[in-house]
Number of protein chains: 2
Amino acid sequence: MRFLKALGLLGSCVAAASKYDEPIRPQVHYSPPYGFMNDPNGMVYTNGLYHLFYQWNPNDTVAGTPQWGHATSEDLVHWNNHGVAIASATKDEGVFSGSAVLDVNNTSGFFDDSVKPNDRVVAIFTSNTPEKQTQDIAYSKDGGFNFTRYSENPVIDINSTQFRDPKVFFHEDTGKWVMVVAKSFDFEIAFYTSCDLKNWEEVSTFSGGLYGYQYEVPDLVKLRVEGTSEYKWVLFVSINPGMPLGGSGTQYFIGDFDGETFTPDDHAVRMADFGKDWYAAQTWSNTGDDVLGLAWASNWQYTGEVPTKQWRSCMSVARKMGLKKNVKYNPGYTGYSLTQEPLVDKKLRDESCHGKAPLSLESETGAFEFRINATQNDGVSDKSSVRIKVSNSTGHLTTLGLRPDFHFFIDRSDQFEHPLYNEKISVYAQPDNDEKPVYDIHGIVDRGLIEIFINNGTVAFTNTVFVADADKIQIEADDGYTVNGEIYSLKSTW
Amino acid sequence: MRFLKALGLLGSCVAAASKYDEPIRPQVHYSPPYGFMNDPNGMVYTNGLYHLFYQWNPNDTVAGTPQWGHATSEDLVHWNNHGVAIASATKDEGVFSGSAVLDVNNTSGFFDDSVKPNDRVVAIFTSNTPEKQTQDIAYSKDGGFNFTRYSENPVIDINSTQFRDPKVFFHEDTGKWVMVVAKSFDFEIAFYTSCDLKNWEEVSTFSGGLYGYQYEVPDLVKLRVEGTSEYKWVLFVSINPGMPLGGSGTQYFIGDFDGETFTPDDHAVRMADFGKDWYAAQTWSNTGDDVLGLAWASNWQYTGEVPTKQWRSCMSVARKMGLKKNVKYNPGYTGYSLTQEPLVDKKLRDESCHGKAPLSLESETGAFEFRINATQNDGVSDKSSVRIKVSNSTGHLTTLGLRPDFHFFIDRSDQFEHPLYNEKISVYAQPDNDEKPVYDIHGIVDRGLIEIFINNGTVAFTNTVFVADADKIQIEADDGYTVNGEIYSLKSTW
């Protein structure tokens, strides 16, 4: 079961082989050079690099036996590919999802003084075989590029075939490593603690919310409540399939965590993203108080059939997560809400167009960022809307929009014919001000993916789209709306 | 505030005025003779009649100031219209949703010996004015036809504009009336008790699950666990808007109730129906151990714009509710599940077609019932499916189907162009048997509405459709499926 792999060189070759220029290949999002990608894994920040590993089947554009692919970035938008980081140990072994931490203090004992503290990376992942799923670890002495599996793996074996996706972080107050991991078929998130990343003890479980078919890829993060010195914890639980919108999706819970037990504030279940394509979210470790994450931007209902050829799936943009208090749920209730801010470096901005709608911009890259304020005036007609149209030269388009009934929608009809590919999706978004509703709408439009963040990211709405060569964006407002803002074309990061 | 109304005669005229023959008017479902209908109200069974009251705006086909419309049925499929049962007391008053009970023992004191016990009906409803929402009552001495408002209304006033939809039932063990009512903006279901239906005391609250914008129309029912002598309680909570699928929907919770407090078994939130059009479910009172209910078959996202003219909205068919233990959620987990069985009288069956798919039947009524067993055989191709096609003579159709990935879907494209009208909707349905998946699929197809019940009603899936003159149903199975069953055309109940 032991193995050593040094793929830095091969990785560079792989990256060079892909030009990332296919018609619907995103230009400011990460996608694999080829093959099939799903969950983000092993996200750790060290030595100025954001490491992104991911579930990868390099041999086909459908899901297969996954290994950990690897990419790194200094700025979360430009990525270098490094090929396979953790490969299957046997033909039957899938290297399933997991996480990575920086073991600065060598709690694991894998390192000696010759290894700089910032190079001491330990990956924790699920080894999937036909017999069972166990939690295994591997260590890297070069800051996350080359990994050696621990000789005494597995580190947790409960003799289950449905036990996976360990996310590990260091809990300062107790001085212990904490693992959140899914007992998938039991609809349980189990919490384990460890002093050395090798010996783990189960200390609690959590269950609740939507069940669907199974739980997957949990994450637990500590977020400072905006504008206060208060901290809360947010537990992400992905479900697939069985989300009410169909297939895959991510719910979250807000509460407290004492190092062993997650205690939710309430029994509300909240949606991390209201679109169809944002699953298996994970956050980077070792980023201090900043909580940065991203998710796989697809849905298991149709991911193996989407009309891309050389590769399948991209990640969402990295998002800075926050927690806001007193967010309006309706005119009479305020509560906590997760916030998500897209981290798309301003230096990618190229051409721009700003002012009052109508606004329009074209770009060869097909990548745009826009941010508008839409004010709904008194007496607005039911028939009015604000529309964001993303189209190609033949007029084939995706339409997004805001309606006076406070719904934001996407219409992605006639793009990809599949019975499970919802073409029209909508989300209710409560305006901050009842008297004069004002919406802040921030969008990242990038060929095959459109991410929308409403009202400072309290509502996220991420959906794949499949219009080839869509290079134009238009923002229109009917009578009854006042819309101001800007559109930027974005330079390709590839 | 006091008023008396005797609309039996007017009601008959109203009914006679509608021929219920419009192209997409359901033929075995209840729809109002004209005007706009939403939530079912006041459902009580007495003297051999199922009373169905409903939110009605008889003056327009969009929502307005609602009054209680009234219909009765002996068999839950043939309905007689009786016009307005409880009208607005003032121009500004909406007679909002509520329930009705049979006060056999005259706990309210409204009745004397001249009123037969089975004629003693008390309605409990929300009086909505611009100032506030209060819970009011009215009594009927003729078994639910004519109502007199209580002179001391309101019976509950908490000085709130968001406090509505009281559902009342008699709790045998404590010998008290119990009211479940929504504090809509607080995401709370409040429980009140009373000895006389006039004096109410708040005894507990419940909150949890999906929040969306607001809670509405709760119901709490006691269900015998199938095949056992055990009873559990199910709490229904409707949300609008803000359901993940968009707009309106109904979640439920399973637990126990001691007469004052609902204690959920777990913190799971379950969907009462996975379609887009099943909201504000209510059950009949005074039906003994049988729990029978129905819901409004529409969605606030588009209900005011759907392409019907003389009337808008229908109710779902009445459903017998049950609770099943050991229902498979995935191959490793079993738990309780609500079951729903459509109560469509067998005497409505007209022509039939049965045997192995392909099956096909036509009917001038456009109303059908089908029930099939679909077995998924080894080696089924990913591309295979079972399809149920409902079409008209021009080939315009709705397609429903089952896929090897265990999803059941509806494709209602090209029927009603509206940004919030999801055209493709799907639900995951776990087969009972992992080795050889077998699905039981029961459908009621009725022009403007299609209701699907999978695996003995553990999954319900209700969606409006808008194909005019759809008079043909075809059931097809690709290689890899063995499908057997029957289709019946249904006689119109109008």
Side-chain angles (χ1 to χ4, degrees), chain A residues 160-162 183-187 206-214 240-247 249 251 253 264 266-271 274 300-301 304-305 329-333 335 382 385 399 401 403 405-407 409-411 413 418-428 430, chain B residues 160-162 183-187 206-214 240-247 249 251 253 264 266-271 274 300-301 304-305 329-333 335 382 385 399 401 403 405-407 409-411 413 418-428 430:
Chain A
S160 167
T161 60
Q162 302 294 330
K183 293 182 175 174
S184 298
F185 277 176
D186 298 334
F187 302 107
F206 172 85
S207 187
L210 292 160
Y211 273 14
Y213 176 75
Q214 60 181 348
N240 176 69
M243 286 302 269
L245 185 55
Q251 58 189 334
F253 306 91
D266 53 36
H267 296 296
V269 47
R270 296 167 172 93
M271 308 301 293
F274 286 86
W300 282 111
Q301 283 192 316
E305 297 169 65
Y329 284 49
N330 59 42
Y333 185 93
D382 285 354
S385 66
T399 305
R403 293 163 48 90
D405 56 15
F406 302 161
H407 281 91
F409 67 90
I410 186 169
D411 182 347
S413 299
H418 191 289
L420 308 184
Y421 187 73
N422 312 47
E423 295 178 337
K424 291 174 178 169
I425 309 164
S426 58
V427 56
Y428 178 85
Q430 177 67 28
Chain B
S160 166
T161 60
Q162 302 294 329
K183 293 182 175 175
S184 298
F185 277 177
D186 298 334
F187 302 107
F206 172 85
S207 187
L210 291 161
Y211 274 14
Y213 176 75
Q214 59 180 350
N240 176 68
M243 286 301 271
L245 184 54
Q251 58 188 335
F253 306 91
D266 54 35
H267 296 296
V269 47
R270 297 169 172 92
M271 308 300 292
F274 286 86
W300 282 111
Q301 283 192 315
E305 296 170 64
Y329 283 48
N330 60 41
Y333 184 93
D382 285 354
S385 65
T399 305
R403 294 163 47 92
D405 56 15
F406 302 161
H407 282 92
F409 67 89
I410 186 169
D411 181 347
S413 298
H418 190 288
L420 308 184
Y421 187 73
N422 312 47
E423 296 180 335
K424 291 174 179 170
I425 309 165
S426 58
V427 56
Y428 178 85
Q430 176 66 29

- Query: Less than 4.5 Å apart, any side-chain heavy atom of B:Arg403 and any of A:Leu420?
  - Reply: yes
- Which atom pair, heavy atoms only, marks the closest approach of B:Leu210 to A:Val269? N-CG1, 3.5 Å
- Item | Min side-chain heavy-atom separation A:Ser426-B:Gln301 under 4.5 Å | yes
- Smallest heavy-atom separation, B:Phe185 atom then A:Asn330 atom, equals O-ND2, 3.1 Å
- Task: Answer whether the closest heavy-atom distance between the side chains of B:Tyr211 and A:Arg270 falls below 4.5 Å.
- Result: yes
- Query: Which value, rounded to the nearest 0.5 Å, describes the distance between A:Trp300 atom CH2 and B:His407 atom NE2?
  - Reply: 13.0 Å
- Could you have a look at A:Thr161, A:Asp186, A:Asp411 and say which one has the most heavy-atom pairs with chain B under 4.5 angstrom? A:Asp186
- Task: Heavy-atom distances under 4.5 Å only: say whether A:Pro264 touches chain B with side chain, backbone, both or neither.
- Result: neither
- Task: Give, as side chain, backbone, both or neither, the part of A:Gln162 having an atom under 4.5 angstrom from any heavy atom of chain B.
- Result: neither
- Where is the tightest heavy-atom contact between A:Ser207 and B:His267, given as atom of each residue plus distance? O-CB, 4.3 Å
- Item | Least distance between heavy atoms, B:Pro419 atom then A:Lys424 atom | O-CB, 3.8 Å
- Message: Heavy-atom pairs under 4.5 Å with chain A: which of B:Phe409, B:Tyr428, B:Phe274, B:Tyr421 has the most?
- Response: B:Tyr428
- Message: With a 4.5 Å cut-off on side-chain heavy atoms, are B:Glu423 and A:Ser413 touching?
- Response: yes
- Message: What part of A:Glu305 gets within 4.5 angstrom of chain B, counting heavy atoms only: side chain, backbone, both, or neither?
- Response: side chain
- Interface moiety of A:Tyr333 toward chain B, non-hydrogen atoms closer than 4.5 Å: both
- Task: Find the one option among A:Gly246, A:Gly249, A:Gly209 whose heavy-atom pairs under 4.5 Å with chain B are most numerous.
- Result: A:Gly209
- When heavy-atom pairs shorter than 4.5 Å are enumerated against chain A, which of B:Met243, B:Gln430, B:Gln251 gives the highest number? B:Gln430
- Among A:Gly208, A:Ser184, A:Pro241, A:Gly332, residue most engaged with chain B (heavy-atom pairs, under 4.5 Å): A:Pro241
- Message: What part of A:Asn422 gets within 4.5 angstrom of chain B, counting heavy atoms only: side chain, backbone, both, or neither?
- Response: both
- Task: For residues B:Tyr329 and A:Phe187, determine if any side-chain heavy atom of one lies less than 4.5 Å from a side-chain heavy atom of the other.
- Result: yes
